[in-house]
Amino acid sequence: MAGLGVPNLFKIHKAMKANGVVGINGRNLDFVFAHNPRRFYPVVDDKVTTKHLAIDAGVPVPKMLAVLEYQGHFDRLKKVAADNSEFVIKPARGSGGGGILVIGGATAKGLRKASGAFLPWEDVRFHANNIFSGMFSLGGGSDRILVEERLRPHPVFDKLAFKGVPDLRLIVFRGVPIMAMLRLPTSLSDGRANLHLGGIGAGVDMATGLTTKGVCFNKPVERHPDFDTPIGGVEVPNWSAAVDTALKLGQTLDLGYIGVDLVVDETHGPTMLELNARPGISIQIANGCGLGHRLSRVAGLDSVPEDLEARRALAETIWAET
């Protein structure tokens with residue numbers, strides 16, 4: 001921004017506001033703080049608790065293989081590895097994808113990550129101890145480990161996700177899904193679908209489920225760097241069911257502004273990974289569209305329909321208007 005001068009900065013700010021771009025302060029003050037009472041954060045901050053909530057709401061989730069509460073439970077992980085060649089290790093209270101290991105193979109000597117890297121058991125134990133100590137958890141403090149089945153993404157993503165699982169992020173406000181993006185793993189992100197690690201964010205047209213444009217580290221990308229396949233024009237499988245899942249979860253929670261993260265599984269269809277009470281704003285860059293106009297439209301409603309179909313119809317109207 002150096003050298004732009006005050007008049008140009010003013011023009012940029014004015015253009016961003018006109019296009020409905022929401023900044024981090026606006027997100028926090030107007031939506032996170034205003035619509036997400038802190039007493040309800042533990043429901044979404046702990047992945048084990050979130051999983052049970054989703055099950056009660058009739059939303060598919062990955063099968064839970066084990067929960068490790070402390071270091072003495074490490075042998076449970078070895079038992080999981082003996083019975084399952086593929087699985088995922090997660091901090092229960094992790095943030096931003098930190099601490100997650102996607103395992104693609106297990107031997108008596110250790111685990112092989114989906115990216116191909118091998119981890120001897122002593123390295124796995126070291127990593128587990130870091131999770132228990134709270135290295136990856138929100139706000140620090142001790143944590144526990146969730147071990148769950150590894151999902152198999154729909155084949156349409158075979159040339160769009162490098163040795164990992166792509167996920168779908170939907171922003172839901174007052175129970176109404178308003179924007180979505182597909183997050184695609186790359187070799188740079190070590191097979192994880194996290195934008196800050198080098199994954200790709202692809203905007204999704206809410207009405208059609210078609211990807212629009214892509215970004216990586218906030219720079220436009222048109223093709224996946226590992227496969228040279230186009231990012232735009234891909235139809236997200238089971239798109240209607242994915243929207244329905246977001247609608248159900250938005251109705252179930254006592255939080256008004258959330259990010260719903262799904263995987264379109266080859267067998268189970270849209271499957272919930274986790275929920276986020278503080279979803280990021282980079283989804284606007286991926287879509288080339290600000291959140292502000294849709295958020296304002298929903299915020300101005302006196303009430304939101306409880307009925308799922310009526311709320312979907314409302315959402316479709318808002319997508320078309322904005």
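A donor-acceptor pair under 3.5 Å is formed between the side chain of T229 and the backbone N or O of K159. Proximity of a side-chain donor or acceptor of T271 to a complementary backbone N or O of G269 within less than 3.5 Å is detected. Within the 3.5 Å criterion, the main-chain N or O of P279 finds a donor-acceptor partner in the side chain of R27. A donor-acceptor pair under 3.5 Å is absent between the side-chain atoms of W319 and the main chain of M179, judged by distance alone. Judged purely by atom type and a 3.5 angstrom limit, Q284 uses its side chain to pair as donor or acceptor with the backbone of V22. For N84 (side chain) and E86 (main-chain N/O), no donor-acceptor pair under 3.5 Å exists by modelled atom type. Put simply, the side chain of R223 gets close to the backbone of D228: a donor and an acceptor are under 3.5 Å apart. Checked by atom type and distance alone, the side chain of N287 pairs as donor or acceptor with a backbone atom of A180 at under 3.5 Å. Not one N or O on the side chain of R125 forms a donor-acceptor pair closer than 3.5 Å with the backbone of P120. Checked by atom type and distance alone, the side chain of N36 pairs as donor or acceptor with a backbone atom of A277 at under 3.5 Å.
Taking 4.5 Å as the limit, every side-chain heavy atom of D261 sits out of range of all side-chain heavy atoms of L168. Counting heavy atoms from C-beta outward, M181 and S282 have side chains that approach closer than 4.5 Å. The side-chain heavy atoms of P166 and P185, taken from C-beta on, include a pair separated by under 4.5 Å. Looking only at side-chain heavy atoms (C-beta outward), V298 and L314 stay at 4.5 Å or farther from each other. Taking 4.5 Å as the limit, some side-chain heavy atom of K51 sits within range of a side-chain heavy atom of P62. Residues F162 and P225 form no side-chain contact, since every pair of their non-hydrogen atoms from C-beta on lies 4.5 Å or further apart. Looking at heavy atoms from C-beta onward, R183 lies out of side-chain contact with I200 at the 4.5 angstrom threshold. Counting heavy atoms from C-beta on, the side chains of V215 and V221 never come closer than 4.5 Å.
The minimum heavy-atom distance between P42 and R38, with the atom names listed, is CD-O, 3.7 Å. Of all heavy-atom pairs spanning G175 and P177, the tightest one is O-CD, 3.7 Å. The two residues A246 and V172 come nearest to each other via the heavy atoms CB-CG2, 3.9 Å. Closest of all the heavy-atom pairs between K248 and G58 is NZ-O, 4.1 Å. When all heavy atoms are compared, the tightest approach of L273 to K90 is CD2-NZ, 3.8 Å. Shortest non-hydrogen contact noted between T212 and D205 is CG2-N, 4.1 Å.
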Report the C-alpha distance between R278 and D45 in whole Å, list the side-chain angles of each, state the deciding distance to 0.1 Å, and finish with yes or no for salt bridge (Lys or Arg N to Asp or Glu O under 4.0 Å). CA-CA 10 Å; R278 318 162 191 79; D45 283 349; 3.0 Å; yes
I89/I145 under side-chain contact (heavy atoms from CB on, under 4.5 Å): CA gap, chis, key distance, verdict: CA-CA 7 Å; I89 299 169; I145 296 174; 3.7 Å; yes
Derivation and outcome, side-chain contact (heavy atoms from CB on, under 4.5 Å), residues L255 and H35: CA-CA 6 Å; L255 298 167; H35 295 273; over 6 Å; no
Residue pair D46, R144: steps toward the salt bridge (Lys or Arg N to Asp or Glu O under 4.0 Å) verdict: CA-CA 9 Å; D46 187 289; R144 51 185 176 167; 3.3 Å; yes
What do the steps show when you test V44 against T49 for side-chain contact (heavy atoms from CB on, under 4.5 Å), and what is the final call? CA-CA 7 Å; V44 297; T49 304; over 6 Å; no
Report the C-alpha distance between F136 and H127 in whole Å, list the side-chain angles of each, state the deciding distance to 0.1 Å, and finish with yes or no for ring pair (Phe, Tyr, Trp, His ring centres under 6.0 Å). CA-CA 10 Å; F136 308 102; H127 183 77; 5.5 Å; yes
Walk me through it: do L301 and R297 pass the test side-chain contact (heavy atoms from CB on, under 4.5 Å)? CA-CA 7 Å; L301 297 171; R297 178 73 169 81; 3.3 Å; yes
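In summary, E148 and K63 do not engage in a salt bridge, as defined by a charged side-chain N under 4.0 Å from a carboxylate O. Contact check on D83 versus K79 returns a salt bridge, with a Lys/Arg side-chain nitrogen under 4.0 Å from an Asp/Glu carboxylate oxygen. Salt bridge annotation for K47-D143: absent, with no cationic side-chain nitrogen under 4.0 angstrom from a carboxylate oxygen. Using a cut-off of 4.0 Å between Lys/Arg side-chain N and Asp/Glu carboxylate O, E266 and R152 are scored as not salt-bridged.
The OH atom of Y41 sits 13.0 Å away from the CG atom of D254 when rounded to the nearest 0.5 Å. Distance check: M272 CE to T245 OG1 gives 10.0 Å after rounding to the nearest 0.5 Å. Distance check, rounded to the nearest 0.5 Å: NZ of K113 to CG of L111 gives 11.0 Å. Taking CZ of F132 as the start and NE2 of H73 as the end, the distance is 8.0 Å to the nearest 0.5 Å. Here the straight-line distance linking atom CG of L182 with atom CD1 of I231 works out to 8.5 Å at 0.5 Å rounding. Rounded to the nearest 0.5 angstrom, F217 CZ and L197 CG are separated by 7.5 Å.
In this structure, a donor-acceptor pair under 3.5 Å is present between the side chains of D226 and S187. A side-chain donor-acceptor contact under 3.5 Å links R312 and S240. Side-chain contact, N130 with S133: no donor N or O sits under 3.5 Å from an acceptor N or O.
Hydrophobic cluster membership is shared by W239 and I178, with clusters built from Ile, Leu, Val, Met, Phe, Trp and Tyr side chains linked at under 4.5 angstrom. Both L275 and L170 are assigned to one and the same hydrophobic cluster, defined by single-linkage of ILVMFWY side chains at heavy-atom distances under 4.5 Å. A single hydrophobic cluster is not seen to contain both L160 and L188; linkage of ILVMFWY side chains at heavy-atom distances under 4.5 Å, directly or through other members, places them apart. By the rule that hydrophobic residues join a cluster once side-chain heavy atoms approach within less than 4.5 Å of another member, L249 and V304 end up as members of one cluster. I171 and I285 are assigned to two separate hydrophobic clusters, defined by single-linkage of ILVMFWY side chains at heavy-atom distances under 4.5 Å.
The local environment of CD in E321 is crowded, with over 12 non-hydrogen atoms from other residues, nucleotides or ligands closer than 6.0 Å. Other residues, nucleotides and ligands contribute at most 12 non-hydrogen atoms within 6.0 Å of the CD atom of E235. Counting non-hydrogen atoms of other residues, nucleotides and ligands closer than 6.0 Å to CZ of F126 gives a total of 12 or fewer.
Residue pairs that meet the salt bridge (charged side-chain N to carboxylate O under 4.0 Å, His left out) test with at least one member in residues 93-111, sequence neighbours left out, do not exist here.
In this view, F31 and F173, Y257 satisfy the ring-ring contact (aromatic ring centres under 6.0 Å, His included) rule, not counting sequence neighbours.
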